[in-house]
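Below: the structure, in structure tokens.
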Amino acid sequence: MTFFKIALVAASVFASHAWAQVAPQAQPENTGANTNIVRWAEGTYTYQALSDKRKRAWEKFHMNVHPDGSRTMIMWHDLFARNNQFTVVLRVAANFRPLEAYLSYWTPNGYKGSNFITVMGDKLNAASSGPTGQLTQALSAPEKMSIGTHPVAADGWHTWYEDVKAKGPQKGTLYSIEATADNNKPPLGTMIPFEFERLGKERVTTPAGTFDTVKYKLGGASEAWVTEQDKLMIRVVNGPRDLEYLLTEFKSGDNAKK
Amino acid sequence: MKTIVLATALFALTGIAFAAIAQTPQTTQLENAGPNPNIVRWHEAEILYQTMKEKRARGSERFSIMVHPDKTRTLITHNDIFARNAVMNVVMRVSDTFRPIEAFTAYWNDGGFKGSGVFRIRGNQMTAEINGPSGHFTQSTYAPDAFSLLSHPLAFDGWHGGTYDKKVGGVQRIATLNIDAISKPQNPILATPMDQTWELKGIEEVTVPAGTFTTEHYRVNDFDVWVMGADRVLVKYQWPSLDREYLLTNYRTGPK
């Protein structure tokens with residue numbers, strides 16, 4: 001796809017009135033399922049200490065699968081244990097490779113900033129804004145890459161390029177977003193090596209229900225249980241860090257079956 | 001505020017080079033057990049889209065509002081307007097006076113993926129980075145001192161009147177930048193200026209599926225909106241000429 005920029009200083013041919021842009025009611029309207037949502041899922045996670053189940057946060061997500069196979073995930077959390085609040089919108093292609101992401105972070109020191117990331121082919125462009133000003137970033141994007149935005153709902157998507165027949169650890173690249181409490185550091189990312197291992201299929205029960213999952217080792221220290229079709233995170237355990245992320249509420253719909 | 005714009009490759013520049021999952025500090029570190037100080041208060045709810053006459057369902061919208069310690073507000077919303085085969089995902093942050101600071105929008109309509117982008121306001125300039133089927137665009141346009149950004153999900157419609165001066169009253173013009181969410185996908189989601197007129201009609205008690213609320217009733221152009229509270233939560237919206245209404249349901253607020 002051609003990547004080009006034009007400056008459009010207050011000039012547009014689309015100057016129609018907002019309210020007039022909406023077609024009159026007389027026009028026939030769809031009464032069935034939305035053709036732009038093939039299926040959807042939404043839920044809530046509880047972050048807690050693994051040992052004593054002390055509550056640390058909640059996270060909510062909503063995912064739409066679109067007719068072109070791409071998926072949009074909206075995630076926002078209240079990580080009160082760390083006084084963080086992250087909001088993320090991530091869209092990936094049908095094979096789960098990232099297309100774009102928007103994120104906005106608050107840390108214990110207040111507003112850290114936002115970042116808008118676009119991945120086109122082998123190029124990643126990011127534009128952040130925050131207390132330190134505006135920054136842009138242009139990086140090479142390896143084929144086997146994912147974006148680490150920190151909410152857990154999309155962490156299963158880091159495994160999209162796995163070889164299901166491979167044994168042992170598999171390697172790729174993570175565009176990991178800076179999310180520390182140092183707000184002088186903008187929420188841009190760094191390409192870092194990422195490793196995961198497929199451990200096999202397991203049926204997992206959480207407060208949200210029972211799910212057929214694939215178990216992975218992620219990033220060396222975490223065990224994660226992920227659904228197959230949409231790679232939704234069901235549970236994450238990090239024993240050494242005494243952390244657990246648990247899906248506690250879940251709803252989904254399949255418009256194709258309506 | 002002086003804004004520095006740098007284009008730089010930051011590969012391996014930060015010292016934060018460890019995996020996302022490993023970034024969470026160990027819980028042995030003393031952690032907060034009370035409310036998050038970055039969320040002073042919050043609201044979340046659903047908005048039903050339906051026709052006024054027949055009450056035919058047209059779609060729904062979920063939203064969450066967070067008010068931050070610096071008095072800015074973030075609104076996160078996603079909708080499913082199946083009547084128009086439209087999907088809108090928007091995150092917007094506004095100042096304590098409801099002036100937009102930044103918005104992310106992503107739209108799908110009858111033609112498929114319409115586009116996405118981030119709109120950032122600094123002083124009297126709004127700049128946008130936009131992606132869509134036609135490629136990547138940037139837009140730079142004038143942002144008045146008092147204005148609203150029309151991103152189309154209903155939850156924002158109470159905020160458009162955030163600059164209305166109730167001491168003056170009467171019909172007031174609200175400058176707006178309107179994002180094109182509806183035309184064919186080949187048209188990028190640019191923002192263009194338009195005006196709205198707002199008039200406070202009075203304080204009214206309104207009953208909707210979410211409950212009964214004391215609201216401010218405004219006449220806006222040729223439709224009516226009812227909004228409540230300091231955070232201007234949309235309670236009800238009626239547009240008789242188009243036979244449409246939007247009603248608040250499943251409302252929750254906190255801290256709790």
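This structure is a prediction, so every number in the text was calculated from the model and none was measured. Proteins get letters first, then strands, A, B, ... in listed order; numbering begins at 1 in each.
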For B/Tyr107, the ring-ring contact (aromatic ring centres under 6.0 Å, His included) test, sequence neighbours excluded, returns none

The reported gap from NE2 in A/His66 to CH2 in B/Trp108 (rounded to nearest 0.5 angstrom) is 4.5 Å

Rounding to 0.5 Å, atoms OG (B/Ser116) and OH (A/Tyr102) come to a distance of 12.5 Å

(request) Evaluate side chain to side chain contact (heavy atoms under 4.5 Å, CB included) for B/Glu102 paired with A/Phe116, printing each intermediate quantity in order. (result) CA-CA 11 Å; B/Glu102 178 170 296; A/Phe116 181 52; over 6 Å; no

So, the part of A/Asn115 with a heavy atom under 4.5 Å from chain B: the answer is backbone

A/Tyr111 meets the ring-ring contact (aromatic ring centres under 6.0 Å, His included) criterion, sequence neighbours left out, with A/Trp106

- Query: Do you see a donor-acceptor pair shorter than 3.5 Å between the side chains of B/Asn32 and A/Asn83?
  - Reply: yes

Please determine whether the number of non-hydrogen atoms from other residues, nucleotides or ligands lying under 6.0 Å from atom NZ of A/Lys55 exceeds 12. yes

Under 4.5 Å to a heavy atom of chain B? For A/Lys60 that would be side chain

Using a cut-off of 6.0 Å, state whether more than 12 heavy atoms not belonging to A/Lys53 lie near its atom NZ.
-> yes

Bottom line for A/Asn255: the part with an atom under 4.5 Å from chain B's heavy atoms is neither

Rounding to 0.5 Å, atoms CD1 (A/Ile74) and CD1 (B/Ile76) come to a distance of 8.5 Å

When the 4.5 angstrom heavy-atom criterion is applied to A/Glu195 and chain B, the contacting part is neither

Okay, A/Asp182 and chain B: the region with an atom under 4.5 Å from a heavy atom over there is neither

**Asked** Is there a donor in the side chain of A/Ser114 and an acceptor in the side chain of B/Arg93, or the other way round, less than 3.5 Å apart?
**Response** no

Can you check whether B/Ala83's main-chain N or O pairs, donor with acceptor, with A/Asn34's side chain at less than 3.5 Å? no

Separation between OG1 (A/Thr87) and CZ (B/Phe104), nearest 0.5 Å, reads 12.0 Å

Note: vs chain B, highest number of non-hydrogen pairs under 4.5 angstrom among A/Ala127, A/Ala221, A/Ala33, A/Pro108 is A/Ala127

Under 4.5 Å to a heavy atom of chain A? For B/Ile101 that would be neither

Applying a strict 4.5 Å limit to non-hydrogen atoms, the region of A/Thr173 in contact with chain B is neither

- Would you call B/Asn131 and A/Met120 a side-chain contact if the rule is heavy atoms closer than 4.5 Å? yes

Review point. Any donor and acceptor pair, going by atom type alone, linking the side chain of B/Asn38 with main-chain N or O of A/Gln85 inside 3.5 Å?
Key: no

Under 4.5 Å to a heavy atom of chain A? For B/Met66 that would be side chain

### Query
Hey, mind stepping through A/Glu29 and B/Arg244 against salt bridge (charged side-chain N to carboxylate O under 4.0 Å, His left out) and telling me if it holds?
CA-CA 12 Å; A/Glu29 291 197 319; B/Arg244 291 178 184 179; 3.4 Å; yes

Separation between CD (A/Glu100) and NE2 (B/His136), nearest 0.5 Å, reads 10.5 Å

Applying a strict 4.5 Å limit to non-hydrogen atoms, the region of B/Ala86 in contact with chain A is backbone

>> One pair to check against side chain to side chain contact (heavy atoms under 4.5 Å, CB included): B/Arg56 and A/Thr31. What are the steps and the verdict?
In response: CA-CA 9 Å; B/Arg56 172 174 57 82; A/Thr31 56; 4.3 Å; yes

Greatest number of non-hydrogen atom pairs under 4.5 angstrom with chain B, of A/Ile37, A/Val152, A/Leu50, A/Leu99, falls to A/Ile37

If one checks every heavy atom of B/Pro37 against chain A at 4.5 Å, the contacting part turns out to be both

All heavy atoms of A/Trp76 vs all of B/Ser64, minimum pair found to be NE1-OG, 3.7 Å

Handout entry: More than 12 heavy atoms of other groups within 6.0 Å of A/Lys171 NZ
Key = no

task = Show your working on side chain to side chain donor-acceptor pair (under 3.5 Å) between B/Asn85 and A/Asn30 and close with a plain yes or no.
result = CA-CA 7 Å; B/Asn85 291 319; A/Asn30 176 39; 3.0 Å; yes

Separation between OG (A/Ser129) and CZ (B/Arg122), nearest 0.5 Å, reads 3.0 Å

Okay, A/Ala81 and chain B: the region with an atom under 4.5 Å from a heavy atom over there is both

Check: B/Asn89 side chain, A/Thr72 main-chain N or O, donor-acceptor pair, under 3.5 Å: no

Most contact-rich option vs chain A, by heavy-atom pairs under 4.5 angstrom, among B/Thr127, B/Ile130, B/Asn109, B/Thr72, is B/Asn109

